[in-house]
Amino acid sequence: MNLYTSLIAQCAHKKSLTTLKAVHTHILKSGSLFSDFGHKLIDGYIKCGIIAEARKLFDELPNRHIVTWNSMISSHVSRGKTKEAIELYNNMLFEGVLPDAYTFSAIFKAFAEVGVLSHGQKAHALALVLGFEVSDGFVATAIVDMYAKFDRMRDARLVFDRVLDKDVVLCTALIVGYNQHGFDGEALEVFEEMVDRRIKPNEYTLASVLVSCGNLGDLINGKSIHGLVVKSGLESVVASQTSLLTMYSKCSKVEDSIKVFNQLAYASHVTWTSFIVGLVQNGREEVAVSVFREMIRCSIIPNHFTLSSILHACSSLAMLEVGEQIHAVTMKLGVDGNKYADAALIHLYGKCGTVEKARSVFDSLNELDLVSINSMIYAYAQNGFGHEALQLFERMKNLGLAPNAVTFISILLACNNAGLVEEGCQIFSFIRDNHNVELTRDHFTCMIDLLGRARRFEEAAMLIEEVKNPDAILWRTLLNACKIHGEVEMAEKFMRKMLDHAPEDGGTHILLTNIYASAGKWDSVIEMKSAIRDLRLKKSPAMSWVDIDREVHTFMAGDLSHPRAHEILKMLHELVEKVKNLGYNPDTKFVLQDLEEEKKISSLYYHSEKLAIAFALWKTCGRNTTIRIFKNLRVCGDCHSWIKFVSLLTGRDIVARDAKRFHHFKGGICSCKDYW
DNA sequence: TTAGGGTTAG
C-alpha cells in the first residue's frame, strides 16, 4: 500500500502520465481496494492535467473525502470549466458534505465567471455562517474579487473591512477592483491604508496602483511608487514595468515612458503594446509606427490591442499606405473579426478619405455593434456622405441598437457637412427629448455651425446662450459662418458678446481680422492686428502636405524652399494658364492682405494646397493614382474652385482633407457640392 | 493530497 502511495506521489510530482497509468493498471490487477488508492490516483491525474480521467474515477469513488472534492472543484475552475465546478459544488452540498475554506476560495471565482450574482451571494451567506468570511484570508479574497467582478464595490469593501487579518493579496484584490471600475482615488486610499498597516506591497499591488496614478494624472504618487518598485527589487518584473510606462505616458511624460522602455531587459507583447498606445495617445504617431515595425522585427506577435492602436496612429496622420499594410497584417494574423480592430480599420479608411474601403470592411462584419456603426457613420460624416449616414442611423435603430453621444456627434456632423439643415434640427430635438443621452458642447458646436451656415444666425446665437460657460470655440464657429456669408456687422455684434466670455481668445481675433479683410475693411484689419500683437497671439501658418511613395512633403503658403521648387512652379504656372481657359477665375476676396490686385492674384497661386497639388502632379506624372493632400486649416474658396478645374483638366482624382472634412474632386466636381 | 490578487484598445 505504501509503495503505491509513494509511486503515485512521484508520478504526480514529475507529471509522468505513462507511469501513472501503469501504476493504475497494476493496482486494478493486484485486486487492491480502489477505495484505498482512489484519492491518490485522482490527485495524480489532476496534477498530470488529465481532468476527464480524474472525474471518471471521482464518480466511481465511494466515500469521497473533502480534500478530493476540493481538488476536483478547483481544478475545474482553474481550467475555465466553471459550470462543471458549480455542478460539483452543488452535488457536494446535496451529499451533505460541508464546504471548507479551500472549497470557498475556488468556488467564488466560478460564480463570478458564470455571472450569476445570486448564486454567489448564497455561497457567501454559507461561508459567513460557517465562519470563514472573516477568519480566512483566502476566502475573503475570493469573495472580494467576486463582488468586484460583479461591479459591487460596496459589498466588496464591506467584506474587506470585516476581515481580521488583512494581507497583501486581499488588499490587492480590493485595489484592483477599484481601479478596474474607475475608482482610482479609492484604490490609492486602500494602498495608503495598507502601507500604514505595514503590509508590504508586491509586484501585483504596485502594477495596479501605478495604473491608478496614471488614470488620475498623479505624477507625484506615481514617481514615489516608481521609487518603491526600484526599492523592492521589482525592476525586472514585466508587469511592473508595463504599468510604469503606462503611468508616465498617461501623465503626459512620454520621455520618461521611453526611458523605462529603453531600459527593459525583456518586453512582453503587452509591454510593447502599452508603449505603442502611450506614444499614440501623446501624439507621437510616427514614433509609434517605427516601434511597431521594431516589434515585428523582434518577432513579437501583435494582438488586437496593438493593431487597433497602431491603426489609430495611421488614421491621425492619414498614412493610408502604412494603414493598408497593417490591414494586411491584421488579416494574416486572423485579428480581423475583432470588433476593436475592425472599428479601427473603418476609422482609418474614413480618415484617409477612402469611404468605399471603410464600407467594404463594414460590410464584411459578421455582427454589427455600436462602435462599428459609429465608426462607419463618422466615416460618412467626414466625407460628406450625409444621406448614407442617415440611412445607417435608421438601420441602427431598426436593429434595436441605442445610439450614444458619439453616434449623435457623428450624425450631426454628417448633416452639417452635407447641408442637411432640417434633418440636423430634427435629430437635435430628438436628442433633447431623449433623456438617455446628455447634450455636450460638441453637439452644440455642430448645430451652431449648421444653423450659421444656413444663415440662421439668431437661432444659432440663442443656442450658445443655452450652453453653460460657453467657450470660444462655439463663438468662433458662429463667426466663421458670418465670414462665409460676408456678414460683417453680425460678426461684430457676436464678437462683442463673445468678448465677455473669452476676451483673450486668439482664434476669434484672427477670424474677425479675416472677416474685415475679405470685406476690404483695411482700417479695421490694422486695428485688429495691433490688438492681436498686444495679446501676443500667433497665427498658425497654413500648411499642406502630401505623401508620395512613403515620403511626406510639406508646403507652407508662399514658401518656395522645396528642393524641386523650380519644377513645382513650372507645373503650377502651366496648370493655372490651362484652367483659366476652362473658366477658372482667381477670386481675390480670399487674399487677406491689402495688396494691389495683381499681387493679390500671385499670392493666391502660392497657397500651400496649390503647391502640394502641383508637386504631386509633377511627381506622379504618367500615373493614374488618386492624389491625396492634407491641410492643417480649412481649404480656401479660391483653391477649392482651382482644384475642381485641375481635376477636370488632368482627369486625376484629388482628395483633400482640411481641418474639418474631406473634399473628393473628380471631373470638375467636389463631393461637398461647394458647401463647407 | 486541495486554495487567493496584476499590466495593453474604441
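By convention in this document, chain letters (A, B, ...) are assigned in the order of the sequence lines, proteins followed by strands, and residues within each chain are numbered from 1.
- Contacts of A:Glu438 classified as salt bridge (charged side-chain N to carboxylate O under 4.0 Å, His left out), with partners at least two apart in sequence or in another chain: none.
- At a threshold of 4.0 angstrom between heavy atoms, the contacts of A:His304 include nucleobase atoms, whether or not backbone atoms are also involved.
- A tilted orientation is assigned to the rings of A:Tyr349 and A:His327, their planes being inclined by 30° to 60°.
- Within 4.0 Å (heavy atoms only), A:Thr306 reaches no atom of the nucleic acid at all.
- Every pair tested for ring pair (Phe, Tyr, Trp, His ring centres under 6.0 Å) that includes a residue from residues 179-202 of chain A fails, sequence neighbours excluded, so the list is empty.
- Every side chain to side chain contact (heavy atoms under 4.5 Å, CB included) that A:Asn338 has, sequence neighbours left out, goes to A:His304, A:Val335, A:Tyr340, A:Ala341.
- Contact annotation for A:Gly44: no contact, since no heavy-atom pair falls under 4.0 Å across all strands.
- Legend: side chain to side chain donor-acceptor pair (under 3.5 Å) pairs involving residues 135-144 of chain A, not counting sequence neighbours: none detected.
- The cationic group of A:Lys40 does not satisfy the cation-pi geometry with A:Tyr4, failing either the under 6.0 Å distance to the six-membered ring centre or the 45° limit from the ring axis.
- In this model, no donor atom of one side chain and acceptor atom of the other lie less than 3.5 Å apart for A:Ser249 and A:Ser257.
- Between chain A and DNA chain B, the heavy-atom contact criterion of under 4.0 Å yields a 5' to 3' nucleotide range of B:dT1 to B:dG10.
- Between the side chains of A:Arg55 and A:Tyr45, no donor-acceptor pair of N or O atoms lies under 3.5 Å.
- With sequence neighbours left out, A:Ile409 forms a side chain to side chain contact (heavy atoms under 4.5 Å, CB included) with A:Thr440, A:Asp442, A:His443.
- Using a 4.0 Å heavy-atom distance criterion, A:Ser274 is classed as a sugar-phosphate-only contact.
- For the contact set between residues 234-264 of chain A and DNA chain B, defined by any heavy atom under 4.0 Å, the members are A:Val237, A:Ala239, A:Ser240, A:Thr242, A:Ser243.
- Using a 4.0 Å heavy-atom criterion, one finds that A:Asn374 contacts no nucleic acid atom at all.
- Sorted by first then second residue, the side chain to side chain donor-acceptor pair (under 3.5 Å) pairs that include residues 91-109 of chain A, not counting sequence neighbours, are A:Arg64-A:Glu95, A:Asn70-A:Asp100, A:Asn70-A:Thr103, A:Asp100-A:Thr103.
- A:Asp136 comes within contact range of at least one nucleobase, with a heavy-atom separation under 4.0 Å.
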For residues 265-272 of chain A, which side-chain donor-acceptor pairs fall under 3.5 Å, sequence neighbours excluded?
| residue | atom | partner | partner atom | Å |
| --- | --- | --- | --- | --- |
| A:Ser268 | OG | A:Val270 | N | 3.2 |
| A:Ser268 | OG | A:Thr271 | N | 3.2 |
| A:Ser268 | OG | A:Thr271 | OG1 | 3.0 |
| A:Thr271 | OG1 | A:Thr242 | OG1 | 2.9 |
| A:Thr271 | OG1 | A:Ser268 | N | 3.4 |

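- In this structure, A:Asp342 contributes its side chain and A:Gly337 its backbone to a donor-acceptor pair below 3.5 Å.
- Within residues 276-295 of chain A, the residues that have a heavy atom under 4.0 Å from DNA chain B are, in order of number, A:Val277, A:Gln281.
- Of all the residues in residues 164-187 of chain A, A:Asp167, A:Val168, A:Val169, A:Leu170, A:Thr172, A:Val176, A:Gln180 reach under 4.0 Å from DNA chain B with at least one non-hydrogen atom.
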I'd like a table of donor-acceptor pairs (distance under 3.5 Å, sequence neighbours excluded) in which one partner is a side-chain atom from residues 285-294 of chain A, with atom names and distances.
| residue | atom | partner | partner atom | Å |
| --- | --- | --- | --- | --- |
| A:Ser290 | OG | A:Val287 | O | 2.9 |
| A:Glu294 | OE1 | A:Arg297 | NH2 | 2.9 |

